[in-house]
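Starting from 1, each residue takes its place in the sequence as its number.
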Amino acid sequence: KLLRSLSGEKRTAEIYEGFKGLRNIREQLLAELKSGDTLMVLGAPKIANEKWERWFLNFHKRRIERKIKLEIIYNSDALKYGEIRKKMKLTTVRYLPNNLVSPNWVDVFPTAVLFVAVLETPIAFLIRNKELAESFASYFKLMWKSSINQEPIYSEKENSLSFTKK
């Protein structure tokens with residue numbers, strides 16, 4: 001549905017269902033990014049990586065080839081995947097504290113925000129609006145400052161994640 005903001009800028013809200021819908025809109029958004037742009041991901045969940053890691057790795061390979069940066073804040077239970085991403089070029093990784101784990105994430109693009117819920121049938125809500133994207137980028141930067149930027153240590157015995165200073 002086409003809406004207008006107070007500033008007169010057009011904005012659209014779109015809904016995508018299922019993995020194919022999610023994949024298609026994320027691929028379209030990747031294609032719209034320019035070299036030097038930054039994709040910000042807040043709350044990257046373990047469950048999404050367990051389901052779609054093969055596609056994510058391919059997505060990141062193409063992102064890096066196009067020189068698009070990634071700043072990603074993983075849920076603390078997604079340590080394995082965060083450590084894989086840390087080795088990728090143009091990629092910076094941080095983690096949410098232990099008690100913040102969710103099956104949802106938010107992608108912040110320069111002119112759009114994608115909200116993804118990893119349900120039995122995944123669903124994604126996209127809002128195309130530069131003003132909203134800038135607002136979420138500011139929110140992301142605040143979360144980035146309060147996220148954990150230390151070496152993670154996973155205790156299998158206690159099934160918990162702790163962090164040590166680098």
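Asp37 contributes atom CG, which lies 10.5 Å from atom CG of Leu30 (distance to the nearest 0.5 angstrom). A distance of 4.0 Å separates CG of Asn149 from CZ of Arg94, quoted to the nearest 0.5 Å. In this structure, NE2 on His60 lies 16.0 Å from NZ on Lys89, to the nearest 0.5 angstrom. The CD1 atom of Ile72 sits 12.0 Å away from atom NZ of Lys86, with the distance rounded to the nearest 0.5 Å. In this structure, CD1 in Ile64 is found 8.0 Å from CG in Leu70, a value given to the nearest 0.5 Å. Atom CD1 of Ile123 is separated from atom CD1 of Ile15 by 5.5 Å, given to the nearest 0.5 angstrom.
Shortest non-hydrogen contact noted between Ala137 and Met40 is CB-CE, 3.5 Å. Contact between Ala44 and Ala78 at its shortest, heavy atoms only, is O-CB, 3.9 Å. Heavy atoms only, all atoms of each residue included: Leu96 and Gly43 are closest at CD1-CA, 4.0 Å. Shortest non-hydrogen contact noted between Val108 and Ala133 is CG1-O, 3.6 Å.
In this structure the side chain of Ile73 reaches within 4.5 angstrom of the side chain of Phe140, judged on heavy atoms. Looking at heavy atoms from C-beta onward, Trp52 lies in side-chain contact with Val118 at the 4.5 angstrom threshold. Using a 4.5 Å heavy-atom threshold, the side chains of Asn75 and Lys46 count as separate. Looking at Ile84 and Asn49, their side chains never come closer than 4.5 Å, going by heavy atoms from C-beta outward. Looking at heavy atoms from C-beta onward, Phe136 lies out of side-chain contact with Leu42 at the 4.5 angstrom threshold. Within the 4.5 Å cutoff, the side chain of Arg63 has heavy atoms near those of the Leu90 side chain. Side-chain contact between Ile25 and Leu114: present, with at least one pair of heavy atoms (C-beta onward) separated by less than 4.5 Å. The closest side-chain heavy-atom distance from Val106 to Phe115 is below 4.5 Å.
Grouping the Ile, Leu, Val, Met, Phe, Trp and Tyr side chains by contacts below 4.5 angstrom, directly or via other members, places Leu119 apart from Val101.
A donor-acceptor contact closer than 3.5 angstrom is absent between the side chains of Asn58 and Arg54.
Between Arg62 and Glu27 there is a salt bridge, with a side-chain nitrogen of the basic residue lying less than 4.0 Å from a carboxylate oxygen of the acidic one. Using a cutoff of 4.0 Å between basic side-chain nitrogens and carboxylate oxygens, Glu32 and Arg128 are scored as salt-bridged. Salt bridge present: Arg85 and Glu53 bring a charged side-chain N and a carboxylate O closer than 4.0 Å.
Ring geometry, Trp105 versus Phe56: the interplanar angle exceeds 60°, so the pair is classed perpendicular (tilted spans 30 to 60°).
Taking the ring centre of Phe59 as origin, the terminal cationic atom of Arg26 falls inside the region bounded by 6.0 Å and 45° from the ring axis.
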